[in-house]
**Q** 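Before anything else, here's the structure in question.
Protein chains get the first letters and strands the later ones, always in sequence-line order, with residue 1 at the start of each. Quick caveat, the model's predicted, so the values are computed rather than measured.
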Protein chains: 2
Amino acid sequence: MTDKPRKFRRVDPDVRRESLIDAALRCLAREGHDGLSVRRIAAEAGVSVGLINHYFPSIDMLVADAYETLATNIADRMVKAVEQAEGTPRERLARLIEACFAPEIMDPALLKVWVVFWGMILHSPEMRIVQQRTNGRFCNVYERFLRDVAEAEDKRVDTTLLARGLSAMHDGLWLEFCLNPDSFKVEDGMALCHAWVDAKLA
Amino acid sequence: MTDKPRKFRRVDPDVRRESLIDAALRCLAREGHDGLSVRRIAAEAGVSVGLINHYFPSIDMLVADAYETLATNIADRMVKAVEQAEGTPRERLARLIEACFAPEIMDPALLKVWVVFWGMILHSPEMRIVQQRTNGRFCNVYERFLRDVAEAEDKRVDTTLLARGLSAMHDGLWLEFCLNPDSFKVEDGMALCHAWVDAKLA
DNA sequence: AACAAAGTTGTACGCTCGTCCAATAACGTC
DNA sequence: GACGTTATTGGACGAGCGTACAACTTTGTT
């Protein structure tokens, strides 16, 4: 009474697209730039080579979609982590910084993916557009919670500049940590970010 | 009375090695990861394909040498720029920050090269060793001039931590600027670095 | 002038790549 | 149950890749 053997199953196009993007991200996380290959992604997704080009005009478009997807996911998770937290604006900002240093962020495999994104941003206009959009989102998240603190404590600071500094410091620490996890402890990184914020919102 | 035509000229091995490394860096700066190819580097250096493997056991070793060379050059240039500057330690620190934001540093082509380095660090033990060594040098440069200021002004701060923060903030700003030069002005980046230092050395 | 040493060339090999496209098989509809 | 639609397959194609290696050329020595 076994199911009759099928050579493949049709899948809803949207679901299929998503599964291809997921497979691509898994390949990039595992193999970095070497994982960026139609054949490896197809194998990872369990489909044939040709299907990739059926859903994406070129490999660059697939990566651009993957970039948008991953960046959006991460930003959303951060916002949610803070929004469902209670406490003063100051405490919520601390939750945000904690979320920025969560284990799934401070992961060399994630940097492997991002390094590929960066390399493509420098050559592909489509990727550059995604970068500008997603980076703007990240900065807005930082600024939003920083402004909450500034308003609650009645401080007058340029929250845009403050957010840019926080973003830069976190990016630099994240990069260095992922390249060399022994160079410092995650707690030290969080302390540095807090030191920056406290210095401007003292 | 023309010179008799020669198919090639022998070159001192050390000079040849250096010219191959230079050619590799030029390829990486122009084409990013795509430039990392024996054939393109050979063409750029004006030699045949086989010569690369005669001087370097593998392409990875060539890049590792190129990494060490470029990082050392940049660090040395910065130190020299500050050392030949006069003034108080505080003023010399300002020169250092200026040097960090010099046009030849804030150059997308330089990031193209570095993105390739980062990608390889995450996979190659040899590259990881070079990263640790060169990054340590950079941090030492920062710390050295920060300590001068702290001592001259009799401030008690953890200059190691301060240097790590400065390094991270600069890296993050450099990255963002090279990815999207319209996102902020170089002067704003310098101001942020100064704000970090001033906050801790007020 | 002859010779040895070694820097340099050029090619062949096997592999992987992205793209293209005709054939195939699954699914909804009648 | 037959049919049309289309998601999916799988192989062909040309190009570029890293490596290896034998042949060639230059250079310095005798």
**Q** Does the side chain to side chain contact (heavy atoms under 4.5 Å, CB included) test come out yes or no for A:L161 and B:F184, once each step is laid out?
**A** CA-CA 10 Å; A:L161 219 56; B:F184 64 92; over 6 Å; no
**Q** Any Lys/Arg nitrogen of B:R133 or B:E68 sitting under 4.0 Å from an Asp/Glu carboxylate oxygen of the other?
**A** yes
**Q** Would you indicate what B:F56 reaches in the nucleic acid, counting non-hydrogen atoms under 4.0 angstrom: base, sugar-phosphate, or nothing?
**A**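 Nothing: the residue B:F56, judged by heavy atoms under 4.0 Å, touches no strand.
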**Q** Among A:L96, A:V157, A:L162, find the residue that satisfies the side-chain contact (heavy atoms from CB on, under 4.5 Å) test when tested with A:L146.
**A**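 So the option named by the test is A:L162.
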**Q** Check the distance between C:dG28's C1' and A:D12's CG and give it to me in whole angstrom.
**A** 14 Å
**Q** Can you tell whether the side chains of A:E44 and A:R30 come within less than 4.0 Å, N to carboxylate O?
**A** yes
**Q** Just the rounded figure in Å: distance from P of C:dC21 to CG of A:L51.
**A** 17 Å
**Q** Is there any ring pair (Phe, Tyr, Trp, His ring centres under 6.0 Å) pair reaching into residues 38-90 of chain A, and which pairs are they, with sequence neighbours excluded?
**A**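 Matches after skipping sequence neighbours: A:Y67-A:W114, A:Y67-A:F117.
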**Q** Taking only side-chain nitrogens and oxygens of B:Y55, does any of them come within less than 4.0 Å of OP1 or OP2 of C:dT8?
**A**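 The answer is yes; a side-chain N or O of B:Y55 sits under 4.0 Å from OP1 or OP2.
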**Q** Roughly, in whole Å, what's the span from NE2 in A:H54 to P in C:dA22?
**A** 15 Å
**Q** Roughly, in whole Å, what's the span from CD1 in A:I52 to C1' in C:dC21?
**A**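 Those two atoms, CD1 and C1', are 17 Å apart.
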**Q** Can you give one letter per nucleotide of nucleotides 16-30 of chain D, 5' to 3': B if a protein heavy atom sits under 4.0 Å from the base, S if only from the sugar-phosphate, - if neither?
**A** -BBB-----BBS---
**Q** Which of these passes side-chain hydrogen bond (donor to acceptor under 3.5 Å, both in side chains) with A:R17: A:D12, A:D65, A:D22?
**A** A:D65
